[in-house]
Amino acid sequence: MSKQKRTAIEPTREQNYAEWYQQVIKAADLAENSEVRGCMVIKPWGYAIWENIQRALDERFYESGHRNAYFPIFIPKSFFEKEAEHVEGFAKECAVVTHSRLEDNGEGGLKVAGELTEPLIVRPTSETIIGASFAKWVNSYRDLPLLINQWANIVRWEMRTRLFLRTTEFLWQEGHTVHENYEDAMLETRKMLDVYANFAAEYLALPVIKGEKTDSERFPGAVNTYCIEAMMQDKKALQSGTSHFLGQNFAKASEIKFQNREGEMEYAWTTSWGVSTRLIGALIMAHSDDNGLALPPKIAPSHLAIIPIYRDEEEKKEVLKYCKRITDLFVKDYFEDVRVYTELDDRDLTSSERNWYWIKKGIPLRIEIGPRDIASEAVMVARRDKEPRDKQSVPISELHSFVHKSLREIQDAYYQRALEFRKANTIKIDDKAEFYRFFTPQNQNQPEIHGGFAHSHWCQDPACEEQIKNDLKVTIRCIPFEQEEEEGHCICCGKAAKTRVIFAKSY
RNA sequence: CGGGAUGUAGCGCAGUCCGGUUAGCGCGCUCGGUUCGGGACCGAGAAGUCGGAGGUUCAAAUCCUCUCAUCCCGACCA
């Protein structure tokens, strides 16, 4: 059949986006569903991406004065109850530990025993348990600001899960800070959102929109929730990170008080902010294509796949010797702040099979090395951002600089492509009928990829937000920071409105 | 938790309506040979509690009852 048109991933994005996403993960061997409902196993290639995310973010947190610490996975129920909105927001998705022991049930099985006097909640987020520590640590304005970060796992008992995007247990980072006043806390909240946005752009090659959540989407217990929103290739929005200004709400709940410069006792101002393994989902859906994963070099676990090509043992020996010269060029080599790693793939498979294997894994560069290259003192280099058969010969003498130049170009190309995709699918809409048309698929039974980001006016009435959500499954992703004041009419009710918000379908 | 569907080899499926030798097919896996810079080909082979329990029957993957699990659509969400 027409081999030229065969894609490594089936179905394609166009055919069935949700299934395509699953297949990309499988083909790249990033993760798999575990035996435990809703929980995933993150495999080495996927976990390495997470470690790279950690490394880059951790450095930024440290540079901005934050220090890592670790708090318990269990939160006593009573702690959780202290902040009313907070409880309400998370109550429906908590895993609760009620017993401490297993006993023989007399039928070859086990029964739970040892009921706890107070149930423990497996943290869905740590504001309350960390608050309890902070209450002890903060006594004076001289103790502030207190800047703490925790890398941890979290459990939220979601109904429907999808690898990386929404799993019952997930990995994340949660920053928790305490400040003397409103301004400092607000500054911190916004600063960390910038850290996230810059990280997303520079490392994940992911352009994001910074903005504020509406009341209905706000973190339970927060005063303001800020977020970064990214557009996936199915034109849906993915919330990729959040930063919360908590005001004095949690300080009051946890009794975080300090003696201020005037000698009076005062409740502190706190913030919290986080990103999770969901970022890997964002990464996948932003850049991957119908041939599988595509990784920006600054976040890729490995950068060069070296594929030796030979016919017999004798040729193999010679080619491998030549390969050693190539790998030696990149020993302890750095692409900007990222360590360059190479993968020598001399498995007993055909060269094309090995080639496609690395294409599906998203490795930025593939280097084919065979007898012809030895003769010409060169190698064949292929880039993941170009067509699979698009290869070029590069002399060994230029290979190191060529690789570095290419890595930079690939990183930029992914960012540009994602940015252009978002631009092409973002429009201003002022007419209600057009708005409804924009978010309605042609084929209701099997909705095609449609919609995008709609910048439209909103009157701030939650009823309008609710109406749109019910009619179209479209929500306000955020009220973007960057926009010019422009009088208009609410896209739903038509009343006068001053700001445009971003409407989109979302994950 | 409501509506729909599916459980058969590692993966993807056929067979079930209409019960009948040894439960098939594709991919993958193992071995041998030929290949090898666009996902190789030929030959041989291994691999299955037909989700589980109970029932009907001379006979059950197939019919009946119960049960468990998964997926999709809703409500919920980093």
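Note on naming: letters A, B, ... go to the chains in the order of the sequence lines (proteins, then strands), and numbering restarts at 1 for each one.
Nucleotide G7(B): paired with C68(B) (Watson-Crick or G-U wobble, both distances less than 3.5 Å).
Classification of E32(A) and K43(A) as a salt-bridged pair holds, one side-chain N sitting under 4.0 Å from a carboxylate O.
G43(B) and C50(B): their C1' atoms are spaced 30 Å apart (whole Å). Remark: the separation of the P atoms in G10(B) and U49(B) is 8 Å, to the nearest Å. Comparing C63(B) with G45(B), their P atoms are spaced 34 Å from each other, to the whole Å.
Proximity note for E158(A) (side chain, C-beta onward) versus G37(B), A78(B), C36(B): the nearest is A78(B). Residue K473(A) has its side chain nearest to G74(B) when only G39(B), G74(B), G37(B) are considered. Set against C11(B), A78(B), C76(B), the side chain of F170(A) has A78(B) as its closest nucleotide. Between A78(B), A40(B), G37(B), one nucleotide has an atom nearer to the side chain of M380(A) than all others, and that is G37(B). With A40(B), G37(B), A78(B) as the candidates, the nucleotide lying closest to the side chain of R372(A) is G37(B). In the set C76(B), A78(B), G39(B), C76(B) carries the atom at the smallest distance from any side-chain atom of E93(A). Out of G37(B), A78(B), G39(B), the shortest distance to the side chain of Q239(A) is found at A78(B).
The aromatic rings of F219(A) and H244(A) lie parallel to each other, their planes meeting at an angle below 30°, with 60° marking the opposite boundary.
Among the protein residues, E353(A) comes within range of the sugar-phosphate backbone only, with heavy atoms under 4.0 Å from sugar or phosphate atoms but none that close to a base.
Counting heavy atoms of neighbouring residues, nucleotides and ligands inside a 6.0 Å radius, atom CG of D390(A) exceeds 12 of them.
Checked by atom type, the side-chain pair T271(A)/E188(A) shows no donor-acceptor distance below 3.5 Å.
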